[in-house]
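Values below: every heavy atom of this structure, side chains too, minus hydrogens, waters and symmetry copies.
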Amino acid sequence: SLKHKNKNHIDEKEYLDLARYYLYKELPQKAIKVINDGFDKDIVERSKENYELMADSYFFLRERDVGIEYLIKSLELEKDSNIAFKIGRFAFEEEDWFLAIKYLKEASDLNYNKVPGRLDLLIGISYYEVNKINEAEKYFNNALNYEATKTPAEGWLAFIKELNT
């Protein structure tokens, strides 16, 4: 009878394998349903990785706002510069400028440095979009110091200068 009991016991790994399989098969709704079911039954842990899997499923569905919420939950469990950057970048793409500024700055505080200067450039553009020109200029000036972002930063600074003449 013990054998019988174990056969019906589905563990977290099986839930997550199934969710990943659905995602691989481009069926994000089914992946979300499986993970949520696992959360509800306390079989799937509400962990950093599982929140990120949920986020990926929502991004696949182009439901960025919900995806961002799951990434924020993940970041609350464990600080991670890559996740902070991902939230900031998605918020930036959604033109949610204040959210972008908040999480891009957090990525910076957590020493995100995959593309030196990129954070400065994105934060500068976000500040420009909310009419905080002095803040924007400060970040564009930082971005001038890096090869990858020197040219666009020069372009933005020239553009701001033109607007103010």
Side-chain angles (χ1 to χ4, degrees), residues 19-20 22-24 26-36 39-40 44-165:
R20 287 193 188 97
Y22 281 140
L23 212 49
Y24 170 73
E26 304 192 355
L27 298 166
Q29 291 96 334
K30 289 193 170 185
I32 289 165
K33 195 172 183 306
V34 167
I35 301 167
N36 266 329
F39 283 160
D40 291 343
V44 173
E45 193 193 340
R46 292 169 190 271
S47 67
K48 176 183 191 295
E49 292 77 14
N50 295 343
Y51 282 145
E52 286 162 29
L53 188 59
M54 274 298 254
D56 288 341
S57 304
Y58 278 106
F59 290 134
F60 200 108
L61 277 175
R62 309 250 183 291
E63 290 188 30
R64 279 199 184 146
D65 48 342
V66 189
I68 287 170
E69 283 171 28
Y70 276 100
L71 288 183
I72 290 171
K73 286 183 181 195
S74 160
L75 195 65
E76 283 166 357
L77 289 181
E78 188 187 319
K79 293 299 175 200
D80 178 331
S81 64
N82 293 315
I83 296 300
F85 177 74
K86 206 171 175 182
I87 296 166
R89 202 192 71 222
F90 279 125
F92 183 91
E93 287 169 11
E94 287 293 290
E95 301 187 4
D96 188 338
W97 306 117
F98 289 107
L99 197 70
I101 290 164
K102 178 180 177 183
Y103 285 99
L104 291 170
K105 280 183 160 182
E106 183 160 351
S108 175
D109 293 341
L110 295 168
N111 299 316
Y112 178 89
N113 58 0
K114 286 225 167 75
V115 182
R118 187 166 177 208
L119 280 177
D120 291 309
L121 192 65
L122 293 177
I123 294 168
I125 294 167
S126 301
Y127 271 124
Y128 171 80
E129 292 291 347
V130 296
N131 285 316
K132 294 198 171 184
I133 305 305
N134 292 344
E135 288 292 313
E137 283 181 317
K138 192 177 88 184
Y139 282 94
F140 290 139
N141 279 313
N142 288 344
L144 288 176
N145 300 315
Y146 304 98
E147 200 52 51
T149 52
K150 188 181 191 322
T151 306
E154 283 170 349
W156 275 99
L157 287 165
F159 173 67
I160 289 171
K161 202 172 190 174
E162 232 166 80
L163 284 181
N164 294 334
T165 49

Nearest heavy atoms of [X] and [Y], plus distance in Å:
| X | Y | result |
| --- | --- | --- |
| Leu122 | Phe92 | O-CE1, 3.6 Å |
| Glu137 | Ile160 | OE2-CG2, 3.6 Å |
| Leu53 | Ala19 | CD2-CB, 4.3 Å |
| Ser47 | Leu77 | C-CD1, 3.7 Å |
| Ala143 | Gly117 | CB-O, 3.9 Å |
| Phe60 | Pro28 | CD2-CG, 3.5 Å |

For residues 99-110, dump all side-chain donor-acceptor pairs below 3.5 Å to protein atoms at least two apart in sequence or in another chain.
unit_1: Lys105; atom_1: NZ; unit_2: Tyr127; atom_2: OH; d: 2.7
unit_1: Glu106; atom_1: OE2; unit_2: Lys79; atom_2: NZ; d: 3.0

Rounded to the nearest 0.5 Å, how far apart are [atom1] of [X] and [atom2] of [Y]?
| X | Y | atom1 | atom2 | value |
| --- | --- | --- | --- | --- |
| Tyr146 | Leu121 | OH | CG | 12.0 Å |
| Asn50 | Tyr70 | CG | OH | 11.0 Å |
| Asp120 | Leu144 | CG | CG | 9.5 Å |
| Leu71 | Phe85 | CG | CZ | 12.5 Å |
| Thr151 | Trp156 | OG1 | CH2 | 15.0 Å |
| Glu154 | Thr149 | CD | OG1 | 10.0 Å |

Derivation of the side-chain contact (heavy atoms from CB on, under 4.5 Å) call for Ile68 and Asp96: CA-CA 11 Å; Ile68 287 170; Asp96 188 338; over 6 Å; no
Step-by-step side-chain contact (heavy atoms from CB on, under 4.5 Å) determination, Asn36 to Ile32: CA-CA 6 Å; Asn36 266 329; Ile32 289 165; 3.6 Å; yes
Asp80 side chain to Ile83 backbone, donor-acceptor under 3.5 Å: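 Side chain of Asp80 to backbone of Ile83, a donor-acceptor pair under 3.5 Å: yes, one is there.
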Whether Asn164 side chain and Lys161 backbone form a donor-acceptor pair below 3.5 Å: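 It does not hold such a pair.
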Lys/Arg N to Asp/Glu carboxylate O, Lys138 vs Glu135, below 4.0 Å: yes
Sidechain N-carboxylate O distance under 4.0 Å for Arg89, Glu93: yes
Residues in ring pair (Phe, Tyr, Trp, His ring centres under 6.0 Å) contact with Tyr22, at least two apart in sequence or another chain: none
NZ or CZ of Arg64 within 45° of Phe59 ring axis and under 6.0 Å: no
Derivation and outcome, side-chain contact (heavy atoms from CB on, under 4.5 Å), residues Glu69 and Tyr58: CA-CA 10 Å; Glu69 283 171 28; Tyr58 278 106; over 6 Å; no
Any Tyr51 side-chain heavy atom under 4.5 Å of Ile72 side chain: no
Side-chain touch Asn82/Lys114, heavy atoms, less than 4.5 angstrom: yes
Within the 6.0 Å centroid threshold, strictly below: Tyr128 and Trp97: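 Not under 6.0 Å, so no.
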Residue pairs, two or more places apart or on separate chains, that pass salt bridge (Lys or Arg N to Asp or Glu O under 4.0 Å) and touch residues 49-62: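 The answer is Lys48-Glu52, Asp56-Lys86.
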